[in-house]
Visitor: 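First, the structure itself, so that you have it in front of you.
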Amino acid sequence: MRRFTVYDSRTREVRLFAPLHPPRVGMYVCGLTPYAAAHVGHARTFVFFDVVARALRRWGYRLFYVQNVTNLDDKLIARAAEEGTDPLALAERHFAEYRAAMEELGVTSVNYYPFATDYVPEIVAQVRVLVDRGFAYRAPDGSVYFSVAKFPKFGELSGQNVAALRPGARLELDADKRSPEDFVIWKAATPGEPAWESPWGPGRPGWHVEDTAITERLLGARYDLHGGGIDLIFPHHEAEIALSESATGEAPSVNYWMHGGALRLAGEKMSKSLGNVLPLSEALEAFGPGPVRLFLTNVQYRGPLEFDRERSLPEAREAYDRLRLPYDRFSALLAQAGAAGAGREPPEELAAQATSLVERLDTTLAADFDTRGAVALLFGWVRRLAEPGVELDGLSAPALELLRSPLDWAREVLGLFAEGGAASGSDEAPGIEVALAARARARGRGDFAEADRIRAELAHRGIEVEDRSDGPRWRRVPVG
RNA sequence: GCCGAGGUGGCAGAAUGGUUAAUGCGACGGACUGCAGAUCCGUUUCCUGGGGGUUCGAUUCCCUCCCUCGGCUCCA
């Protein structure tokens, strides 16, 4: 197991990671509330934790990665009412879209997506423990609230001082609460909404308790990693600590808290509430998963990231091509080498550099998941490969694989180059090859008008043609 | 107001108590090309919010001010 460090939001320091039960690692990441389509901001968080999961597995940890789905809450109920549908069905639909987008993005590391409503017995049980132990109370309306005053550590994660919280617009001054900072863990049923029976009357789970009931069941009273967006620190994660540690009597419930920075659009956080979102599906359709993943992993995960509709993804596409084209070239050469048998060996120095670079990539990432630093190393490698004197043609298959290994690392850990053979020169589109042959004949007889016409026609179909020294090649590009 | 994260080149964004402040995008020049693109080479030389302090040396550590963003019981 490779050692790595991670910034822990609770202690506010970079710490050496030590699992509770090596080599096993439990990781819980707050998923989304699927009341609307996922956007690029969501992707930032989930792509990052996907990289974390890929890295941990590569480094020899046996990771169990859980990402919950809040498939019932006020927003879902409100949205469903607007659309005249059932909130659970609405959540199901948006979650299916989310999964499809994640699949396309290569976010394949999550072991299990528990739905809140599938854990109602666990939630009721945890609420009961909290009530029995005096941490929570039933209000007259049948809701159950957690009494923040009973948990002195409340505020430790966020640095908030309960007394200083502004009882503002959002902090409901609810007559049912004994204290304004108390939060609901069991919501009394409203007619027409989904409800479950409980010792306190019919109702549904509150937001925070769904996570703590699920984590206690799936990961135990204490587990290794908890992740989520930075906007969840308060109140959500603060409340989770209070609930878990009060219910189980064990602390700390979470050994390492990881929070991903926000994606900003024109200086503001991209969010459904603000309405300034770029739907993930649009980004994927226009640019494909590679540029999106590169854009999102090309920064330190904790800080804010500025997203510009006009520039960010087009820039990322250019940058991504610098990495992907060499990767594709290796793939093509390997296909040839496999057929042709033995080939040359690479210069010793280059081979040694490839090997040491892979190690450097791992050590770079092992320093608090420095994806940005790793990407910089990858660019350095493709520059090295492009230097005069580096001849890849004719290398043996093992040699090609060795020189490709840093890029394979990027595929395995960062999830790049996963968009299935978009490589040119394949026989997947014979029509394109026919057109290119016709264009080659036109160029041969000096009929450049015809050659350009064919090129324009292919461009119209989303096929970009490049005349290289070794002949034309094509690739798919987004149209428009 | 309180809590938290930030302010680095045209843009996005790294890093370190010390030789030319990474990387990418963009721009410019060149090679190559019928042209374009891609690729390669070169250039983009005096970029670390303001002011103090510590130090031989600060972008980095300390103080202060200004600004931006996030959270303050919707949020990835």
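In what follows, chains carry the letters A, B, and so on, assigned in the order in which the sequence lines appear, proteins first and then strands, with residues in each chain numbered from 1.
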Visitor: Grab the two heavy atoms, one from A:Asp370 and one from A:Thr364, that are nearest each other, plus how far apart they are.
Guide: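 Heavy-atom minimum between the residues: CB-O, 3.4 Å.
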Visitor: Checking A:Ala283 now: which residues fulfil side-chain contact (heavy atoms from CB on, under 4.5 Å) with it, not counting sequence neighbours?
Guide: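 Here the qualifying residues are A:Val40, A:Leu278, A:Val292, A:Leu313.
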Visitor: Could you state the atom-to-atom distance from CG of A:Leu157 to C1' of B:rG71 in whole Å?
Guide: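 After rounding, the gap between these two atoms is 12 Å.
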Visitor: Of A:His208 and A:Gly303, whose nearest nucleotide on RNA chain B comes first from the 5' end?
Guide: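 By nearest-heavy-atom nucleotide position, the 5'-most residue is A:Gly303.
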Visitor: Which whole number of Å gives the distance between the P atom of B:rU23 and that of B:rC3?
Guide: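 Going atom to atom, P in each nucleotide, I get 40 Å.
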Visitor: Might you point out which heavy atoms bring A:Asn68 and A:Cys30 nearest each other, and give the distance in Å?
Guide: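 For A:Asn68 and A:Cys30, the tightest heavy-atom pair comes out as OD1-CA, 3.3 Å.
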Visitor: Just the rounded figure in Å: distance from P of B:rA14 to CG of A:Leu365.
Guide: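 My rounded result for the distance is 15 Å.
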Visitor: Carefully, step by step, assess A:Asp182 and A:Arg178 under the rule salt bridge (charged side-chain N to carboxylate O under 4.0 Å, His left out).
Guide: CA-CA 7 Å; A:Asp182 293 350; A:Arg178 291 180 188 167; over 6 Å; no
Visitor: Would you list the pairs meeting side-chain hydrogen bond (donor to acceptor under 3.5 Å, both in side chains) in which at least one residue belongs to residues 287-305 of chain A, sequence neighbours left out?
Guide: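 Those involving residues 287-305 of chain A are A:Asp50-A:Arg293, A:Tyr301-A:Asp368, A:Arg302-A:Asp368.
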Visitor: Can you find a heavy atom in the side chain of A:Thr215 that is under 4.5 Å from one in the side chain of A:Val66?
Guide: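 Contact flag for A:Thr215/A:Val66 side chains = no.
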Visitor: Less than 4.0 angstrom from a charged side-chain N to a carboxylate O is my criterion; do A:Asp393 and A:Arg329 meet it?
Guide: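 Salt bridge present between A:Asp393 and A:Arg329.
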Visitor: Do the side-chain N and O atoms of A:Asn276 and A:Glu268 include a donor-acceptor pair separated by under 3.5 angstrom?
Guide: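 On atom types as modelled, these side chains do not qualify, holding no pair under 3.5 Å.
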Visitor: Paired stems touching RNA chain B, three or more consecutive Watson-Crick or G-U pairs with both distances under 3.5 Å?
Guide: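 Runs of three or more consecutive pairs: B:1-7 with B:66-72, B:10-12 with B:23-25, B:26-31 with B:39-44, B:49-53 with B:61-65.
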Visitor: Should A:Arg445 and A:Asp447 count as an ion pair when the cut-off is N to O under 4.0 Å?
Guide: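 Counted as a salt bridge, because a side-chain N and a carboxylate O are separated by less than 4.0 Å.
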Visitor: Applying side-chain contact (heavy atoms from CB on, under 4.5 Å), name anything that partners A:Ala316, two or more places apart in sequence or on another chain.
Guide: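 With sequence neighbours excluded, A:Ala316 shows a side-chain contact (heavy atoms from CB on, under 4.5 Å) to A:Pro291, A:Phe295, given in chain and number order.
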Visitor: Is a donor from one side chain sitting under 3.5 angstrom from an acceptor on the other, for A:Glu103 and A:Thr108?
Guide: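 Result is no, nothing qualifies.
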Visitor: Tell me what A:Glu306 touches on the nucleic acid: a base, only sugar-phosphate, or nothing, going by heavy atoms under 4.0 Å.
Guide: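 Sugar-phosphate, backbone atoms only, no base.
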Visitor: Taking any heavy-atom pair under 4.0 Å as a contact, classify A:Thr33: base, sugar-phosphate, or nothing.
Guide: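 Here A:Thr33 touches the backbone only, sparing every base.
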Visitor: What is the separation between atom CG on A:Leu265 and atom P on B:rC69, rounded to the nearest whole Å?
Guide: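 From A:Leu265 CG to B:rC69 P: 13 Å.
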Visitor: Rounded to whole angstrom units, what separation is found between the CG atom of A:Leu294 and the C1' atom of B:rA14?
Guide: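 Taking atom C1' of B:rA14 as the reference, CG of A:Leu294 is at 14 Å.
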Visitor: Using the closest heavy atom to pick a nucleotide of RNA chain B for each, name whichever of A:Phe307 or A:Arg443 lands nearer the 5' end.
Guide: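 Result of the comparison: A:Phe307.
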Visitor: For the residue pair A:Glu318 and A:Tyr320, confirm or rule out a side-chain donor-acceptor distance under 3.5 Å.
Guide: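 Not at all, the side chains of A:Glu318 and A:Tyr320 share no donor-acceptor pair under 3.5 Å.
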Visitor: What does A:Gly227 touch in the nucleic acid at a heavy-atom separation under 4.0 angstrom: a base, only the sugar-phosphate, or nothing?
Guide: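 Touches nothing.
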Visitor: B:rC69 P sits how many Å from A:Leu263 CG, rounded?
Guide: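 To the nearest whole Å, that distance equals 15 Å.
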Visitor: Strictly below 4.0 Å, N to O, side chains only: are A:Arg311 and A:Glu315 in salt-bridge contact?
Guide: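 Yes.
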Visitor: Pick out the pairs of N or O atoms, protein on one side and nucleotides 59-61 of chain B on the other, that lie under 3.5 Å.
Guide:
none

Visitor: Please classify the nucleic acid contact of A:Arg439 as base, sugar-phosphate, or nothing, using heavy-atom distances under 4.0 Å.
Guide: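 Touches a base.
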Visitor: Please set out all donor-acceptor pairs under 3.5 angstrom arising from side-chain atoms of residues 448-457 of chain A, sequence neighbours excluded.
Guide:
from, atom 1, to, atom 2, distance (Å)
A:Glu450, OE1, A:Arg453, NE, 3.1
A:Glu450, OE2, A:Arg453, NH2, 3.1
A:Asp452, OD1, A:Arg455, NH2, 3.4
A:Arg453, NH1, A:Glu457, OE1, 3.0

Visitor: Does any donor atom in the side chain of A:Glu97 or A:Ser281 lie under 3.5 Å from an acceptor atom in the other side chain?
Guide: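 Their side chains do not contain a donor-acceptor pair, so the 3.5 Å distance test is not met.
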Visitor: Pick the P atom in B:rC28 and in B:rU45, then give their distance to the nearest Å.
Guide: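 It works out to 16 Å between them.
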Visitor: Quickly work out the A:Asp370 CG to B:rU16 P distance and round it to whole Å.
Guide: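 Rounding to the nearest Å, CG of A:Asp370 and P of B:rU16 are 9 Å apart.
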Visitor: Heavy-atom contacts under 4.0 Å between residues 233-245 of chain A and RNA chain B, which residues?
Guide: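 Contacts with RNA chain B under 4.0 Å: A:Phe234, A:Pro235.
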Visitor: Near RNA chain B, which residues from residues 70-80 of chain A have a heavy atom under 4.0 Å away?
Guide: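 When residues 70-80 of chain A is checked for heavy atoms under 4.0 Å from RNA chain B, the hits, listed by number, are A:Lys75.
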Visitor: Does anything in residues 97-107 of chain A reach RNA chain B, meaning a heavy atom under 4.0 Å, and if so which residues?
Guide: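 Nucleic-acid contacts, sorted: none.
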Visitor: Look at all strands and tell whether A:Gln300 reaches a base, only sugar-phosphate, or nothing, counting heavy atoms closer than 4.0 Å.
Guide: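 If one applies the 4.0 Å heavy-atom cut-off, A:Gln300 turns out to touch the sugar-phosphate alone, with no base involved.
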Visitor: Among A:Val127, A:Leu243, A:Val148, A:Leu130, whose side chain to side chain contact (heavy atoms under 4.5 Å, CB included) with A:Phe135 holds?
Guide: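 Result for side chain to side chain contact (heavy atoms under 4.5 Å, CB included) with A:Phe135: A:Leu130.
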Visitor: Consider only side-chain N and O atoms of A:Asp8 and A:Thr11, and report whether a donor and an acceptor are under 3.5 Å apart.
Guide: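 Indeed, the side chains of A:Asp8 and A:Thr11 share at least one donor-acceptor pair under 3.5 Å.
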Visitor: Salt bridge or not between A:Asp74 and A:Arg204? Use side-chain N to carboxylate O under 4.0 Å.
Guide: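 So A:Asp74 pairs with A:Arg204 through a salt bridge.
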Visitor: Using distance alone, with no hydrogens and no angle criterion, decide if A:Tyr145 and A:Asp176 have a side-chain donor and acceptor under 3.5 Å apart.
Guide: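 Absent: no donor and acceptor within the cut-off.
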Visitor: Any idea which of B:rC35, B:rG70, B:rU73 is nearest the A:Ile230 side chain?
Guide: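 My answer, after comparing the listed nucleotides, is B:rG70.
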Visitor: Would you indicate which nucleotide in B:rA76, B:rG34, B:rC35 comes nearest to any side-chain atom of A:Ala451?
Guide: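 From the listed options, B:rG34 comes nearest.
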Visitor: Tell me what A:Gly260 touches on the nucleic acid: a base, only sugar-phosphate, or nothing, going by heavy atoms under 4.0 Å.
Guide: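 Nothing: the residue A:Gly260, judged by heavy atoms under 4.0 Å, touches no strand.
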Visitor: Output one letter per nucleotide in nucleotides 21-32 of chain B: B when a protein non-hydrogen atom lies under 4.0 Å from the base, S when only the sugar-phosphate is that close, - when neither is.
Guide: -BBBSS------
Visitor: Under 3.5 Å, side-chain donor or acceptor atoms of residues 224-232 of chain A against the rest of the protein: list the pairs with distances, not counting sequence neighbours.
Guide:
from, atom 1, to, atom 2, distance (Å)
A:Asp224, OD1, A:Leu20, N, 2.8
A:Asp224, OD2, A:Gly26, N, 3.0
A:His226, ND1, A:Tyr223, OH, 2.9
A:His226, ND1, A:Glu240, OE1, 3.4
A:His226, NE2, A:His237, NE2, 3.4
A:Asp231, OD2, A:Lys269, NZ, 3.0

Visitor: At a heavy-atom distance below 4.0 Å, what parts of residues 266-276 of chain A sit against RNA chain B?
Guide: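 A:Gly267, A:Glu268, A:Lys269, A:Met270, A:Ser271, A:Lys272, A:Ser273 - these, ordered by number, are the residues of the stretch whose heavy atoms sit under 4.0 Å from the strand.
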Visitor: Distance between the C1' atoms of B:rC72 and B:rU44, in whole angstroms?
Guide: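 Roughly 45 Å separates the two C1' atoms.
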Visitor: Using a heavy-atom cut-off of 4.0 Å across all strands, would you classify A:Arg12 as base, sugar-phosphate, or nothing?
Guide: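 Here A:Arg12 touches the backbone only, sparing every base.
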Visitor: Measure from NZ or CZ of A:Arg264 to the centre of the six-membered ring of A:Phe307, then state whether that distance is under 6.0 Å and the direction lies within 45° of the axis.
Guide: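 Judged by the rule, A:Arg264 and A:Phe307 form no cation-pi pair.
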Visitor: What is the distance from CD1 of A:Ile454 to C1' of B:rG37, rounded to the nearest Å?
Guide: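 In whole Å, B:rG37 C1' lies 17 Å from A:Ile454 CD1.
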Visitor: Between A:Glu83 and A:Arg93, does at least one N-O distance fall below 4.0 Å, as a salt bridge requires?
Guide: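 Yes, this pair counts.
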Visitor: Atom CZ of A:Arg44 and atom P of B:rA12: how far apart are they, to the nearest Å?
Guide: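 Going from A:Arg44 (CZ) to B:rA12 (P), I get 14 Å.
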